[in-house]
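Before any comments, here is the structure.
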Amino acid sequence: MTSPDALVRVATARGVTTLTLDSPHNRNALSTPLMTELLAGLADAVADDAVRAIVLDHTGPVFCSGADLKETAAAYASGTVPAGMLGDVLVAVRECPKPVVAKIAGPARAGGLGLIAAADLAVCAQEATFAFTEVRIGVIPAVISATVLPRLGQRAAAELYLTGDTFDGRRAAEIGLVTAAVPGDELDAAVGRYCASLVKGAPGALAGAKELLRRSAGTDLRAEIGELAALSTGYFLSDEGREGVLAFREKRPAAWVPAEE
């Protein structure tokens with residue numbers, strides 16, 4: 001059960017765990033306590049075999065304002081800043097073996113964009129706004145570049161990193177920062193449709209597909225195809241593969257699909 005003073009709320013239903021950023025007083029800033037709870041929530045969802053997908057949601061009008069600058073300013077006296085944990089969060093989301101969907105109903109800034117880019121799918125309200133504001137406070141979007149730059153074309157990245165200008169949900173979809181931008185009143189339904197599709201995938205196959213998406217292209221095409229063919233054969237011969245083929249032939253849901261509630 002989630003603590004009343006938790007900064008990340010946890011709820012699970014029909015194979016989907018929703019981790020809700022719940023720190024509206026500072027616009028869901030990425031403070032050390034919030035990131036600690038988020039990492040714990042992700043780890044628990046990964047460990048739960050009943051969970052097939054994870055949604056990152058938020059309370060309040062802002063998805064995430066980026067780093068907690070109050071905490072950062074307080075840390076100056078020690079000569080350190082809490083940027084390292086953000087890297088841990090981005091890695092945990094990006095390398096999570098279960099699909100992660102970011103649900104963005106409101107503005108996201110700086111580090112919040114790194115979190116969105118780390119997710120496998122991201123759906124935003126068309127009216128949501130985004131900005132890489134780092135240069136305007138004298139820093140650079142260094143850590144989040146690990147997840148953001150693979151999503152964006154070079155021209156868009158240069159424009160938005162260097163100007164710090166604000167852009168809307170439609171532009172975010174056009175440049176690949178998010179998967180889709182929908183009217184705000186359709187956001188819940190759009191995320192629900194993605195989740196309904198994700199839970200139909202076999203857990204092992206979903207994890208394997210995520211590894212493929214992170215795979216770098218090899219220089220020897222024939223060798224790479226040979227490796228991928230062997231990988232494919234292994235999945236077909238696995239218990240999940242055998243069950244999936246049999247379920248398809250028998251025109252029934254596979255064993256891993258959650259039952260209707």
Side-chain angles (χ1 to χ4, degrees), residues 1-48 50-75 82-94 96 98-125 127-131 133 143-144 147 169 172 178 182 184-192 194-195:
M1 183 175 180
T2 303
S3 167
D5 58 352
L7 300 177
V8 177
R9 306 276 171 194
V10 182
T12 300
R14 201 171 182 269
V16 178
T17 285
T18 299
L19 302 176
T20 302
L21 308 185
D22 189 19
S23 185
H25 71 280
N26 65 355
R27 301 182 300 166
N28 292 320
L30 296 169
S31 65
T32 296
L34 183 145
M35 291 190 287
T36 299
E37 291 186 25
L38 183 54
L39 285 169
L42 285 165
D44 288 345
V46 169
D48 187 346
V51 174
R52 304 298 171 75
I54 300 167
V55 172
L56 300 180
D57 199 353
H58 64 101
T59 62
V62 176
F63 174 77
C64 178
S65 59
D68 186 334
L69 296 183
K70 182 178 180 180
E71 181 183 55
T72 298
M85 184 174 282
L86 174 56
D88 295 337
V89 170
L90 298 184
V91 169
V93 173
R94 189 76 180 95
C96 178
K98 300 179 180 183
V100 179
V101 182
K103 177 183 174 185
I104 308 108
R109 298 290 185 269
L113 277 67
L115 188 59
I116 291 168
D120 301 291
L121 302 174
V123 187
C124 74
E127 57 269 28
T129 62
F130 306 83
T133 53
V143 175
I144 67 170
T147 57
V178 301
V182 300
D185 60 359
E186 297 178 15
L187 184 59
D188 287 347
V191 171
Y194 276 120
C195 289

Residue pair Cys124 / Phe63, side-chain heavy-atom distance below 4.5 Å: no
Atom CZ of Arg94 with >12 non-hydrogen neighbours under 6.0 angstrom: yes
Nearest heavy-atom neighbours spanning Pro33 and Leu7: CB-CD1, 3.7 Å
Nearest heavy-atom neighbours spanning Ala110 and Thr133: CB-OG1, 4.0 Å
Those residues that, when tested against Asp188, pass salt bridge (charged side-chain N to carboxylate O under 4.0 Å, His left out) (two or more places apart): Lys103
Side chain to side chain contact (heavy atoms under 4.5 Å, CB included) partners for Pro24, two or more places apart: Asp22, Asn28, Thr59
Any donor-acceptor N/O pair, Thr20 side chain to Asp57 backbone, under 3.5 Å: no
Shortest non-hydrogen separation from Leu86 to Gly111 and the atoms involved: CD2-CA, 4.4 Å
Least distance between heavy atoms, Val55 atom then Cys195 atom: CG2-SG, 3.5 Å
Side chain to side chain contact (heavy atoms under 4.5 Å, CB included) against Val51, all qualifying residues, sequence neighbours excluded: Thr12, Thr17, Ala45, Asp48, Ile54, Lys98
Contact summary for Pro99 and Arg52, nearest pair of heavy atoms: CD-O, 3.2 Å
Heavy-atom closest pair, residues Gly169 and Val178: O-CG2, 4.3 Å
Partners passing side-chain hydrogen bond (donor to acceptor under 3.5 Å, both in side chains) against Asp5 (at least two apart in sequence or in another chain): Ser3
Spacing of CG belonging to Leu90 relative to CG belonging to Leu30, to within rounding of 0.5 Å: 8.5 Å
Close side-chain approach of Asn26 and Ser65, heavy atoms under 4.5 Å: no
Straight-line distance of Leu39 CG to Met85 CE, nearest 0.5 Å: 6.5 Å
Asp44 and Val10, any side-chain heavy atoms less than 4.5 Å apart: no
Beyond-backbone contact of Leu21 with Val8, side-chain heavy atoms, under 4.5 angstrom: yes
Distance, nearest 0.5 Å, that separates CG of Leu38 from CG of Leu56: 6.5 Å
Any residue meeting side chain to side chain contact (heavy atoms under 4.5 Å, CB included) with Thr129, in chain and number order, not counting sequence neighbours: Pro107, Arg109, Thr166
Please tabulate, for side-chain N and O atoms in residues 115-123, each donor-acceptor pair with protein atoms closer than 3.5 Å (sequence neighbours left out).
residue: Asp120; atom: OD1; partner: Lys210; partner atom: NZ; Å: 3.3
residue: Asp120; atom: OD2; partner: Val100; partner atom: N; Å: 2.8
residue: Asp120; atom: OD2; partner: Lys210; partner atom: NZ; Å: 2.8

